[in-house]
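Here the structure is laid out as structure tokens; the discussion comes afterwards.
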Amino acid sequence: MGKPIGGKIMTAKEAVESLVFDGATVGMGGQSIGRCSMALAHEIVRQGKKDLTLVGCNLALSTDIMVGAGLVKRTECGTGNLERFGTAFRWREAAEQGRLEVDDYSHLAMASRFLAGSLGLPFMPTKSMLGSDLLNKKSFDGVKPFEMLDNPWNPGEPVVLLPACTPDVSIVHVQKADEMGNVIIEGFTTHEPEMIKASKSVIVSCEEIVSSDEVRRNPDRTTVPYIFVDAVVEQPWGAYPTSTYRYYEHDADHLSRYQAVARSGGEAYEEYLQESIYGCETFADHLEKVTSTERLDELRRSMHRLL
Amino acid sequence: MTEYALDELMVVEASRHIEDGNIVMVGTGLPMVASLFALKSHAPNMCYVVETGPVAPEVIPTPTSVSDPRVMYRAVRFGSLLDALGGVLQRGLADVAFLGGAQIDQFANVNSTVIGDYDRPKVRFPGSGGANDLASHAKKILIITRHEKRRFPERCDFITSPGYIDGPQGRKNAGLPQPYPDISVITDLTVMSIDKSKGRLRVDKLMPGVSLDQVRENTLFEPLVAPEVVTVDPPTRAELRILRDEVDPDGTYLKGRE
């Protein structure tokens, strides 16, 4: 049975309280500096959900903050970077100091693992990762990281089998959703459709709530139907300072400021967390503290010029 | 003589490896500059595919991310990462892909994961991203990098993206799909390409004014040398105009030019 119709609109606080738990495997939406699930990540940090395993493709800013807050035990991903803005520095330092288990995959490998999960299959084959040290993996929690198969239809041809990835809960920021929980992603969708469908539960934050009637009139626009989704949080600017296609560009100034404190770590970073996450009750408080209406308008106009 | 910066020389040379009509998997940085330059000069029918999903965008200069709306402009489709890296790349349709990394060894293996021990690395880099997939499946691999000695060890500390692994049979033994790729490394000193019969990098070209000894002095492995090493043509005035006016007008990536 899928998820019920309706009753899904709630605050970030309510959604995280009811669906994210200590020790959970959390599917991370967004890619690089686009559509990171910032509002939901902040809420997880405020509630101090710990011993998390974060899974995704390019684990960028939202992951860095959760690692920086000391909540993450392991990451399984393709990369940890913010492109032009540099590495995910808190993630990198934790990996270098052995405080974080890092399980490396290629992006296609992670997407294939989510695909397996989304199809209810135990594993998915790939021809990536062959001949690389990405296959020199150790196992975590006794789970075999991969298996080699001799292609039954072409004996002698090796194929890599990867275990399905089925997050306990995924957090994703999207453009639109309705009260049923139907999800509309505009622009690139990266690994999210497969990850959402592979997850046991899903929290979606969105720029706008649209009517279910509008969804039913344009069903070709629905990226993921409501049967996969548990909670819908209306959160304009919920990916800030990363971008949301058709809504706003990333805020290069804020990203640079974050990267500077993330790189130095220590007290400067603690202050950032205190000031801009722990010291805020909601994401709206955070926005008020770290940016201005003028700046947000500028980012919105800047995006509109590029459409 | 026309003045140009080394990065301009590198991206123009890299772009010459792209043919019109090619499907090119592109990220950001200098590879994006080289691809966009090809699209705006000799390869107007090139199909630009971004790993996050967009297919054949018209690309507004100058994108800074694979999630940038500039790489989605007038795309024919917004797909997913699975569409791009699975349905195009692993499917065998990508003609050209770009890689970058901290180390490139004599077999053209690339490391973008760790220096030192994997479990307790001396330096942790961002990791594969789509790079391993690109190196596994594209027909031609291009690497643009500054030529620094420490970047060119005999063996990578960690093979993130396979070149020819350990020699001519490396990819075959690993079971990587055919056809095995052409690989070229474009630096500010040289263009080295894979000699498939030996599975090792070979100096094919030198940048203007550079000697073979300079390449050897700045490379920790001993590269093969082509029987006839040619000099790379410097960018023409017309090429530089396209590059500076149409591809990177704000100098986002190409800094320090005259």
Side-chain angles (χ1 to χ4, degrees), chain A residues 30-35 57-58 77-84 87-88 91-93 95-98 102 104-109 111-112 114-115 126-134 136 138 156-159 186-194 242-243 245-246 249-250 252 303 306-307, chain B residues 27-29 50-54 60 64-73 78-86 89-90 109 111-114 118-133 135-137 156-162 165 170-171 173-177 252:
Chain A
Q31 168 108 343
S32 173
I33 55 172
R35 262 189 327 95
C57 278
N58 181 353
C77 66
T79 179
N81 82 78
L82 284 73
E83 292 184 277
R84 187 165 70 98
T87 307
W91 173 83
R92 179 174 101 173
E93 190 188 273
E96 287 174 352
Q97 295 180 349
V102 175
D104 274 279
Y105 290 86
S106 74
H107 275 175
L108 179 58
S112 299
F114 291 130
L115 177 63
T126 182
K127 293 286 286 180
S128 283
M129 293 168 71
L130 289 161
S132 79
D133 286 324
L134 294 174
N136 290 331
K138 60 175 185 186
E157 182 196 0
V159 177
E186 299 176 343
F188 67 85
T189 59
T190 186
H191 61 295
E192 290 162 336
E194 291 77 26
T242 66
S243 67
Y245 182 64
R246 291 211 173 107
E249 269 226 273
H250 66 268
M303 171 60 80
L306 297 168
L307 298 177
Chain B
T28 49
V50 190
E51 81 161 42
T52 42
I60 302 176
T64 56
S65 161
V66 290
S67 63
D68 196 315
R70 293 168 187 81
V71 292
M72 296 188 239
Y73 187 67
F78 292 142
S80 66
L81 189 136
L82 198 63
D83 292 330
L85 295 184
L89 180 67
Q90 186 169 253
N109 302 309
N111 175 11
S112 56
T113 304
V114 289
Y118 181 70
D119 290 320
R120 196 63 197 272
K122 209 165 114 209
V123 186
R124 171 70 216 198
F125 297 113
S128 162
N132 171 275
D133 306 309
S136 300
H137 306 295
C156 287
D157 285 27
F158 186 99
I159 300 179
T160 312
S161 306
I165 304 167
R171 289 184 80 96
N173 294 339
L176 280 159
T252 306

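Just so we're clear, the structure is a prediction, and the values are computed from it rather than from any experiment. In what follows, every chain begins at residue 1, and chains take the letters A, B, ... in the order their sequences are listed.
- Looking at B:Asp68, the atoms closer than 4.5 Å to chain A (heavy atoms on both sides) all sit in the side chain, from C-beta outward.
- Looking only at side-chain heavy atoms (C-beta outward), B:Ser65 and A:Arg84 stay at 4.5 Å or farther from each other.
- Residues meeting the ring pair (Phe, Tyr, Trp, His ring centres under 6.0 Å) test with A:Phe188, sequence neighbours left out: none.
- Contact of the A:Glu249 side chain with the B:Arg70 side chain is registered, since non-hydrogen atoms from C-beta on lie closer than 4.5 Å.
- With a 4.5 angstrom heavy-atom cutoff, A:Leu115 touches chain B only via side-chain atoms.
- Checking side-chain atoms of A:Thr79 against main-chain N and O of B:Pro126 turns up a donor-acceptor pair under 3.5 Å.
- Looking at A:Val159, there are no atoms closer than 4.5 Å to chain B (heavy atoms on both sides), in backbone or side chain.
- For B:Ser67, the parts lying near chain A are the backbone and the side chain together; criterion is any non-hydrogen pair under 4.5 Å.
- Using a 4.5 Å cut-off on side-chain heavy atoms (C-beta onward), A:Asp104 and B:Tyr118 make contact.
- Contact of B:Ile60 with chain A is made through the side chain alone, with heavy-atom distances under 4.5 Å.
- Heavy-atom distances place no part of A:Arg35 under 4.5 Å from chain B, backbone and side chain included.
- Judged by distance alone, with hydrogens and angles left aside, the side-chain atoms of B:Asn132 form a donor-acceptor pair with the main-chain N or O of A:Met129 at under 3.5 Å.
- Using a 4.5 Å cut-off on side-chain heavy atoms (C-beta onward), A:Glu96 and B:Val123 make contact.
- Test B:Asp133, B:Leu89, B:Leu85 against A:Ser128 for side chain to side chain contact (heavy atoms under 4.5 Å, CB included) and you get one pass: B:Asp133.
- Residue with the most contacts toward chain A among B:Ser80, B:Gly53, B:Gly27: B:Ser80 (heavy-atom pairs, distance under 4.5 Å).
- The nearest pair of heavy atoms linking A:Ala111 to B:Leu81 is CB-CD2, 3.6 Å.
- Only the side chain of B:Thr113 comes within contact range of chain A, judged by heavy atoms closer than 4.5 Å.
- In terms of modelled atom types and a separation under 3.5 Å, the side chain of B:Gln90 and the main chain of A:Thr126 share no donor-acceptor contact.
- Proximity to chain B (any heavy atom under 4.5 Å) is shown, for A:Ala88, by neither the backbone nor the side chain.
- Only the backbone of A:Tyr105 comes within contact range of chain B, with heavy atoms under 4.5 Å apart.
- Contact of B:Val114 with chain A is not made at all, since no heavy-atom distance falls under 4.5 Å.
- Counting heavy atoms from C-beta on, the side chains of B:Leu82 and A:Leu108 come closer than 4.5 Å.
- With A:Gln31 contributing its side chain and B:Val66 its backbone, the two residues share no donor-acceptor pair below 3.5 Å.
- Using a 4.5 Å cut-off between heavy atoms, A:Glu194 touches chain B through its side chain atoms alone.
- With chain A as the partner, the residue from B:Ser112, B:Gly79, B:Pro162 showing the most heavy-atom pairs under 4.5 Å is B:Gly79.
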